[in-house]
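I have placed the structure first, in the form of structure tokens, so that the comments after it can refer back to it.
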Amino acid sequence: MQAQMLAPAAVLVVWSLAMLFWTAFTRFPAMKKSGMDLANAKPGGRGQDLEGVVPDKVQWKSHNYAHLMEQPTLFYAVTMIIALMGAAAGDVTAAWIYVGLRVIHSIWQATVNVVSVRFMLFIASTLALLYLAYRALALTLFA
């Protein structure tokens, strides 16, 4: 079960990198279109500096990439703990549910971005993560 438990985490890593490239492939052309010249950009510029400079729809990909660097770090930790301690079939299922919902959340945020739907996707994925956190705690405290 160890590989089956780690597979969803590996998929989420690859998805996060896909979002990074999607961000770059949409952001750089938008920056150029807005008249920005990267060769003459001020030192210390950050992605947040592009708010209001490039279209919001372009920034949505970046916002989602940032989200993928936040809560999923907890997912990676519980996935490792459960894999090391001995995953059950329900743990693997919950991990795949989490990853599936995060991918859907990403696509939604990057394209449509209706916050009420995005929030429901976030809550649903958080419930899967909550289950996984409980399992990691139970497997370690009661080992």
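Worth saying up front: this structure is predicted, and the values here are computed from it rather than measured.
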Tightest non-hydrogen contact, residues A9 and T79, listed as CB-CG2, 3.8 Å
L6 and A83 have their tightest heavy-atom pair at CD2-CB, 3.7 Å
Residue pairs fulfilling side chain to side chain donor-acceptor pair (under 3.5 Å) with at least one residue in residues 2-16, sequence neighbours excluded
W15-S106
When clusters are formed by joining ILVMFWY residues with side-chain heavy atoms under 4.5 Å apart, either directly or through shared neighbours, do V103 and I97 land in the same one?
no
Hey, could you give me each pair passing salt bridge (Lys or Arg N to Asp or Glu O under 4.0 Å) that has a residue in residues 130-140? Not counting sequence neighbours.
D91-R135
Compare all side-chain heavy atoms of M5 with those of M80 and state whether any distance is below 4.5 angstrom.
no
Test of understanding: with salt bridge (Lys or Arg N to Asp or Glu O under 4.0 Å), list the residues that count as partners of R118, not counting sequence neighbours.
none
Restricting to non-hydrogen atoms, name the atom on L132 and the atom on I82 that form the minimum distance, rounded to 0.1 Å.
O-CD1, 3.4 Å
Taking a hydrophobic cluster as the set of Ile, Leu, Val, Met, Phe, Trp and Tyr residues connected by side-chain heavy atoms closer than 4.5 Å, whether directly or through intermediates, do L20 and I107 fall within one such cluster?
yes
Would you mind reporting whether I81 and L139 have side-chain heavy atoms less than 4.5 Å apart?
no
Could you check whether any side-chain heavy atom of H63 comes within less than 4.5 Å of a side-chain heavy atom of Q109, counting everything from C-beta outward?
yes
Would one find more than 12 heavy atoms of other residues, nucleotides or ligands at under 6.0 Å from atom CE of M69?
yes
How long is the gap from OG1 on T23 to CG on L17, to the nearest 0.5 Å?
11.0 Å
Is there a side-chain contact between V117 and V112, using heavy atoms and a 4.5 Å cut-off?
no
Please answer: with hydrophobic residues joined when any side-chain heavy atoms are less than 4.5 Å apart, are Y76 and L137 in the same cluster?
no
Could you tell me the separation between the CG atom of L129 and the CD1 atom of I123, rounded to the nearest 0.5 Å?
11.5 Å
Any side-chain heavy-atom pair from V114 and W108 closer than 4.5 angstrom?
yes
Considering only heavy atoms from C-beta outward, does the side chain of W60 approach that of N64 to under 4.5 Å?
no
Between A128 and A94, what is the shortest heavy-atom contact and its length?
CB-O, 3.9 Å
Taking every non-hydrogen atom, the tightest pair across A87 and M1
O-CG, 3.2 Å
Could you see if L84 belongs to whatever hydrophobic cluster contains V92? Use Ile, Leu, Val, Met, Phe, Trp, Tyr and a side-chain cutoff under 4.5 Å.
no
If hydrophobic clusters are built by linking Ile, Leu, Val, Met, Phe, Trp and Tyr wherever their side-chain heavy atoms come under 4.5 Å apart, do Y65 and V13 end up in the same one?
yes
Minimal heavy-atom distance between S125 and Y98, with the atoms involved, is O-CD1, 3.0 Å
Interatomic distance, L121 atom CG to R102 atom CZ [nearest 0.5 angstrom]:
9.5 Å
Could you tell me whether the side chain of L130 reaches within less than 4.5 Å of the side chain of Y134, counting heavy atoms only?
no
Heavy-atom distance under 4.5 Å between the side chains of T126 and L101, does that happen here?
no
Ring-plane angle category for F122 and H105, please: parallel below 30°, perpendicular beyond 60°, tilted otherwise.
tilted
